[in-house]
Amino acid sequence: MALRCYTPRVLVEVAVAAAVRGRFTYRVPSALAPGVSLGQRVAVPFGKSRRATGYVVGFPASAPDGIELRDVVEVLDPFPPFTPELVELLRWAEEYYLVPPGELLRAALPPGLNARRGEAGPARRGVEYAAPAEAAAGAAADPKALARAPAQRAVLEYLLARGRIPVEELRAAFPKGRPAVAALARRGLVRLETETPVARGALLPASAAAPVLTPAQAAALVELDAAAGTFQPFLLHGVTGSGKTEVYLQAIARARGAGKGALVLVPEIALTPQLAGRFRARFGDDVALMHSGLSDAERHAEWLRLRRGDARICVGVRSAIFAPVQDLAIIVVDEEHDPSFKQEDGPPYHARDLAVVRAKREDAVLVLGSATPSLETLENARAGRYRKLELPARVDDRPLPEVELVDLGRLRRGGVAKLPGLLAPQLSEAIARTLEASQQVILFLNRRGYETLVVCEVCGAEAQCTECAVSLTHHARRGILLCHYCGRTERMDARCPACGGVRYGVGVGTEQVEAAVRELFPAARVARLDRDVVTSADDTAAVLARFARRELDVLVGTQMVTKGHDFPGVTLVGVVLADTALALPDFRAAERTFQLLTQVAGRAGRGAEGGRVVVQTFNPRTPAIALAARHDYAAFAAGELDRRRTVGYPPFTRMMAARVEGSEDGARRSAEALAHAARPALGGEVAMLGPAPAAIERIRGRHRWHLLFRADGPKALFRVHAALARVAVRPPGGAAIRFDMDPYSMM
DNA sequence: AGCACGCCGACT
DNA sequence: GTCGGCGTGCTC
C-alpha cells in the first residue's frame, strides 16, 4: 500500500530547538515538500497544543514504529540558512559537546535571522531559471488538464508567454506561487535550472598591493600552497610582529584565485577596524565580517552575502566557524591560543577545535597561527599531526623588545610601602623618558576599577555582593561599588555599613593607574581602554584610532590593549602587575600568564625606534614570567608540558565538567546525585574530582557546584555522561546542569 | 521547556 | 473531604 515513491522528503528528521533531547520525525505535506531541504527551519507541532521551531537535520527512510506522525506546519525560510556541510558539522558538534539537538543550529544562526524570519534568497549560488517544458503548451491548451489547479494554470500561462525567466521574477509575479511552480515541475510541465556564474576571483579589485615576503613567510606560503585542496593542518608559529597576517592574506588570495572560499577566525577583541580594514583593502567586498559589533540586521546581511556566494571570505569571531562560506579551501585561526575561541555562555564549543573538524570535512587547509601556541596545538604538532611552520624573526629584522622585571616584593621589603597606582620608580622613570622622546606608552593591567577590594579597618568586614560570593570593586569616578559578576552597584560609603568604621581600598585597577599617570605626568595625554570607558566596538575603535594618530601619549587598559594592534609609536609597554592571572584556580594559569605577557610585550617596538617592556611582579622567578621576559617560548612550553604530563592534565588527558546551578540545597543535592550516578561508570579509567562548590560559590543568588572528570580520551567521558543523563534531565531540587567538554574556565 | 499525571501534607 | 506541593514521564 505504502507508495514509498521516490519523491524524497516525505519524512523529515527535525531537531526541535527546545531543551528536549532528541530528534523527531515529521511528515511533510506535499505542498511544503519542495521547500524542505537540509538545514531548513520549520515550524512543527510539539507536545500538547504547542508549536516549536526546529531544524531539518535528515531525511529518514522510515518512521519509528508505533508513533502517529504529525505534519510540518510551515517552512520558515525561503531557502535553508545552512549548507548541508554545516548541518553535518553542527550535528557532529552537538554530539561532541553534549548539547541537545538543535541548540547549536539555533546558536549558530545570526540573531537577526532567528528573530526576523529568513529573507528571500536563492538556495544555490547562481541564478535559477524557470522555463516551460515541451508538454506545457498542450497541457495549458487542454481545458481539463489543469482545471482544478487555477494557480498552476496561471503560472504556466505566464511562463508560456515569457519563456525562460529567472525564478525571482516568477516569485514577484506570484508571491504565493511557490507550491504551484513546484507542482508544475513535478508534472514535468516546467523546467527549473540553475546557472552557475563564472568565478568571481578575477573580477576583484586588488586595491592594496601585497608586500614582498620575507624568506620565512615565502617558505610558509609555499608549504600552504602545496597542501591546497587537501585537509592539512599547519601550526604557524611566528613571533609577534613576524607578519603572520600577510601569510594569511596571500594564502587566501591563492584560494580565491582558484575560485574557492576562505574563513578567518580571530579573537573577540582583535577584530578591530584595523584588521578588518586590511582584509577589506586586499579583497574588497569579497569579505564578510562577523562580530558582535554588528547590529542584528548587519550580521544577517553578511550571513546572506556568504550564503548566496556574493562574499567568499569570512572574517569573524568564534561563532563565524559556522558561517556559510561556499567551497571552503582554507581556514585560518589567528591567535589560536586565545581563550575567547571557547564559548562559555550558551552551548559550549571550541571554535579552534571545530575548525579542525570543519577543515577535515571540507578538505580545506587549516592554519593555526600564534606567537604562543596553546599546549594542545603544540603537542599536536610535536606528535606530527600538524605541520609546523616557523616565522622566527620580526619583519625588517626588528629585535624583540627588551623586557625588564621589577620585583615588587623586594621593593616592599626595601621599605617602599606604597606605590601610587602601583607604579614603581623604574616604570615611572621609563614613562617619563618615553614621553620626553615624544613616543607612546601602553600600560596593561588586567583589572578594572579603582580598587579591587574595600575593607573596614575597624571590624575587617569586606564589601561583598549580596547576590554573588565575590567582593565588590570600587569604581571611584562613578562613586560606586560594583559587582563584576552580576553588575549590581552600591553607593561607595567611606564608612563601614556594619560598624561605622573607616574603610580603605586594596588592590590596584586600571582606573587608579590612569589617575596616577595623570598626576605624575600632568602634561601627558592619557586615555583608558576597558569595558568601563568603552561600551561598543565603535567606541573602542575610536580610542584606538586616536592613539594610532598619536593624539594620545599613554594608553592604560585591560586585555583590550594587548591584541593585534600595530602602533609604531609605542616604544614602552608597562605591565603594572603580571601576577593577576597566575593566582586563578586553573591548570592553565601559567600558560595564560605567559601568553598575555608575550602578547602585550609584542606591542612594543613595532616601529623603527625599537622598544622596551617593564613588567612588575611579585613572582619574578616563576617560569611563566621569567621565560616570557626572555622571549623563550620553547623553554616555557617544554617545562609546562612536562608538568601537565606529570599531573595528568590536558593535552595529555581529556576533561569534562558538569556544572550545577540552583538553590543552596538543590545545587548540593544535584551535585551529589551526579556523583552517585557517575561512580559506577568511572570504571578505573575516569577520575572524578568533586563534587565541590565552584571557585565562585554563588552568582546572581544561584549556588554553584562543579564536578570534573578526567580520562585518557573522550570515549570514557561520553560513557560517564551517558550514565548521568537521567539525573541531568531533571536534577533534584530544580537545579540546572550543564556539561562542558574540554572545559576552559575552572571558575 | 511545558504540560499532565499521581501521590502525600495542611486548609476553607 | 480537596487544594496544591513537586517528582516522573512524554513530546514525532
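Because the structure is predicted, anything quoted here is derived from the model rather than measured. All values below were derived from every heavy atom in this structure, side-chain atoms included, with hydrogens, water molecules and symmetry-related copies excluded. Labels below follow one simple rule: chain letters A, B, ... track the order of the sequence lines, proteins then strands, and each chain is numbered from 1.
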Looking only at the side chains, is there a donor atom on one of S663(A) and D665(A) sitting less than 3.5 Å from an acceptor on the other?
no
Are OP1 or OP2 of dC12(C) and a side-chain N or O of R70(A) less than 4.0 angstrom apart?
yes
On the side chain of R730(A), is there an atom forming a donor-acceptor pair with the base of dG7(C) - under 3.5 Å, no angle test?
no
Base, sugar-phosphate, or nothing: which does P45(A) touch, judged by heavy atoms less than 4.0 Å apart?
sugar-phosphate
Would you classify L69(A) as touching base, sugar-phosphate or nothing, given that sugar-phosphate means primed atoms plus P, OP1 and OP2, and contacts are heavy atoms under 4.0 Å?
sugar-phosphate
Expressed in angstrom and rounded to an integer, what is the separation of F46(A) atom CZ from dA1(B) atom P?
12 Å
Between C1' on dA1(B) and CD on E103(A), what's the gap in Å once rounded to a whole number?
11 Å
Taking side chain as C-beta onward, heavy atoms only, is I321(A) less than 4.5 Å from F341(A)?
no
Classify E68(A) by what it touches in the nucleic acid, base, sugar-phosphate, or nothing, heavy-atom distance under 4.0 Å.
sugar-phosphate
Can you tell which of R592(A), R588(A), H337(A), R352(A) makes a side-chain hydrogen bond (donor to acceptor under 3.5 Å, both in side chains) with S374(A)?
R352(A)
Spacing of CZ belonging to R41(A) relative to CG belonging to L109(A), to within rounding of 0.5 Å:
6.5 Å
For atom CZ of F24(A) and atom C1' of dC12(C), their distance in whole Å:
6 Å
I need the OH-C1' distance between Y26(A) and dT11(C), as an integer number of Å.
7 Å
